[in-house]
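For reference, the structure is listed below as structure tokens.
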Amino acid sequence: LSYVKRHCVINESELAQKAKIEFWKSFGSAGCGACLRRQDLYLCRRMGCAGSRVNSTAAASSKIGSPPTPKPQSTSSGIAGAGTIAEEQGAQEPIAGPEPDGTLAQAATRAAIAAEVARVQALPGIERALVGQKYTDPEALWLALEAGGGGATVILRASWVKRMDVANGFRLPKRGDAIPPEATITAAELRAIAKASSCQHGALPVIALSHYWRTKEHPDPDGETAALVIASLEERWSEFAEMGVTDVGIIVDFCALWQAPRETPEKVEAFKEGLKGINQWYAHQGTTVWLITAGADRVKGLSYWDKGWTSFEFALAMLIKPANTSSMKDWAQVVDLGKEAKEVQTAFDRPPLSEPLAFFADHKYGNKTYTNGADRDNIVAPKFRDTIFEVMGGVRELNFGKLNWGDTEVEALAIVLPLCGRLVKLKLHANAFGDAGLVALSGAMGAMPQLKELYLSGNQIGDTGVTALANACATG
């Protein structure tokens with residue numbers, strides 16, 4: 001009981017409550033009522049209640065590995081600062097994979113997805129068409145960056161940053177520091193650059209920096225992060241130029257938003273306005289995300305992969321951007337600057353989509369650390385859940401080709417795919433999955449009524465997988 005009380009949907013609307021009732025009914029009988037009178041969804045232990053059978057039913061419905069060993073919750077963060085002596089090599093990114101089978105974690109995930117699918121299906125057609133649009137529509141990103149009359153978010157001009165020299169004292173400027181007018185670029189100019197470009201696959205001239213704070217006072221006091229960004233701009237500028245992109249905007253939290261203490265009501269309001277668009281920085285299908293994964297902070301010795309906020313940014317970046325390995329992209333949209341060679345920076349293993357409850361305790365990212373320990377349950381976990389619901393609810397195309405995904409990765413993807421009610425094109429070509437992966441994928445087909453194109457060539461599919469797919473297509 002205590003597990004799911006901590007993890008599932010809160011602040012339900014009446015419509016979501018109805019979705020819960022439908023979920024319980026899907027197990028063969030109505031709930032006893034106790035399950036539904038709470039603000040949070042939890043598994044009822046009363047004899048005969050449908051909720052008491054969720055765990056055993058979920059255990060029989062999927063195939064998964066074993067859970068990671070949780071680390072003790074400590075107190076250090078990514079987006080709001082915390083750092084120790086920087087090391088030359090960063091920790092390895094977490095091994096991808098779905099949640100353990102037959103556990104309350106799986107049951108809670110499936111319940112949350114079922115409730116969200118029911119909620120979206122019950123929306124009026126006009127509202128349903130708008131779900132997730134802000135993560136795929138370029139104009140939605142420009143409007144978010146223009147919030148507060150353009151004063152909520154400061155965007156650095158990449159051509160200016162590229163000319164800077166850390167050896168001569170350049171450091172990432174804090175929001176409010178005196179910088180020359182040419183150091184920033186407006187959303188209006190970026191909109192015009194994007195419109196004039198020859199990008200064919202949706203990339204926009206915006207880079208969001210996902211980085212940890214090396215100290216509590218400044219994310220990059222010695223210019224290590226700045227040097228990596230400048231070097232990468234030099235190396236990758238030709239990729240932008242080839243697409244007719246004449247300049248790029250760089251969004252860094254420390255530079256973009258007013259930092260504490262925000263002494264005036266105006267700064268507080270601007271911070272709130274800018275914060276509303278922060279998910280779009282990382283999750284929008286058109287933005288490019290550069291990761292600073294090497295080294296560790298100077299407070300607790302924690303790496304990028306140890307921290308909750310940076311893991312949150314990474315998970316958002318992995319949702320709907322084209323695979324770096326795909327030929328159907330404008331440029332690599334997720335780049336790990338923590339790796340030295342240019343080619344290696346884009347060749348890291350890409351995990352499957354994280355499930356909606358990934359940041360709650362006992363789930364994949366539930367053991368990450370935060371400056372404020374309450375950030376996990378009060379901010380990051382519900383924020384990620386709500387964001388993935390919205391992002392996947394509106395996505396029209398997913399490009400996961402040539403990622404070397406096997407059955408385990410595709411089974412994890414299949415758990416999340418029921419959220420993708422508007423998906424039209426799914427590319428999974430040139431991976432390494434077989435019948436088990438396609439069987440799991442086929443089981444999600446009924447939740448994607450608009451799917452028209454499914455790319456499966458170059459995998460290891462046999463008769464069992466093809467039969468499951470044919471049956472799924474035949475039943476609609």
Side-chain angles (χ1 to χ4, degrees), residues 6-7 66-97 99-100 105 172 208-222 224-225 228 252-254 278 281-283 289-319 334-340 344-345 348-352 354-355 357-385 387:
R6 294 197 309 270
H7 292 65
S66 57
T69 302
K71 296 179 182 177
Q73 184 79 6
S74 69
T75 56
S76 195
S77 89
I79 196 171
T84 32
I85 298 177
E87 302 167 357
E88 290 301 317
Q89 298 297 325
Q92 293 298 310
E93 55 265 37
I95 297 174
E99 298 295 336
L172 293 172
L209 190 68
S210 176
H211 65 112
Y212 61 90
W213 285 45
R214 299 179 189 273
T215 71
K216 291 181 178 180
E217 297 74 24
H218 195 289
D220 187 34
D222 297 326
E224 297 163 85
T225 297
L228 291 172
V252 186
D253 55 347
F254 181 69
I278 196 169
W281 299 0
Y282 308 103
V289 178
W290 284 3
L291 317 172
I292 305 294
T293 62
D297 68 40
R298 299 181 184 179
V299 176
K300 295 286 185 179
L302 298 172
S303 75
Y304 180 97
W305 304 110
D306 294 325
K307 296 171 180 286
W309 277 107
T310 48
S311 296
F312 169 80
E313 295 159 7
F314 174 79
L316 291 183
M318 293 293 103
L319 291 179
V334 183
V335 182
D336 186 353
L337 305 190
K339 302 182 184 301
E340 291 187 7
V344 177
Q345 290 177 349
F348 57 88
D349 291 339
R350 178 164 176 166
S354 296
E355 49 89 8
L357 306 185
F359 282 84
F360 286 102
D362 302 322
H363 289 255
K364 180 176 179 179
Y365 294 107
N367 62 342
K368 302 303 178 181
T369 57
Y370 302 84
T371 297
N372 182 345
D375 280 1
R376 185 192 70 188
D377 294 338
N378 294 337
I379 303 176
V380 176
K383 190 177 182 68
F384 183 79
R385 178 198 62 207
T387 301

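Here the structure is a predicted model, which is why all the values come from computation and not from measurement.
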Restricting to non-hydrogen atoms, name the atom on [X] and the atom on [Y] that form the minimum distance, rounded to 0.1 Å.
X: Q345; Y: K339; result: NE2-O, 2.9 Å
X: A358; Y: H363; result: O-CB, 3.5 Å
X: R376; Y: G366; result: NH1-O, 2.9 Å
X: H218; Y: W213; result: C-CE3, 4.1 Å
X: D377; Y: F360; result: OD1-CD2, 4.2 Å
X: W305; Y: T293; result: CZ2-CG2, 3.7 Å

Test item: [X] side-chain N/O and [Y] main-chain N/O as donor-acceptor pair under 3.5 Å:
X: Y282; Y: V289; value: no
X: T369; Y: D306; value: yes
X: T310; Y: Y304; value: yes

Return the [atom1] to [atom2] distance between [X] and [Y], rounded to the nearest 0.5 Å.
X: K307; Y: K300; atom1: NZ; atom2: NZ; value: 10.5 Å
X: L209; Y: L172; atom1: CG; atom2: CG; value: 7.5 Å
X: N372; Y: N378; atom1: CG; atom2: CG; value: 8.0 Å

Can you name the residues that form a side chain to side chain contact (heavy atoms under 4.5 Å, CB included) with D222, not counting sequence neighbours? E224, R298
Using side chain to side chain contact (heavy atoms under 4.5 Å, CB included) as the criterion, list what pairs up with S311, not counting sequence neighbours. F359, Y365, K368
Does [X] reach the side chain of [Y], with side-chain heavy atoms less than 4.5 Å apart?
X: T225; Y: R214; value: yes
X: V334; Y: F348; value: yes
X: M318; Y: S354; value: no
X: Y212; Y: L302; value: no
X: W281; Y: D253; value: yes
X: L228; Y: H211; value: no

When L316, L357, I379 are each screened for side chain to side chain contact (heavy atoms under 4.5 Å, CB included) with F384, the one that passes is L316
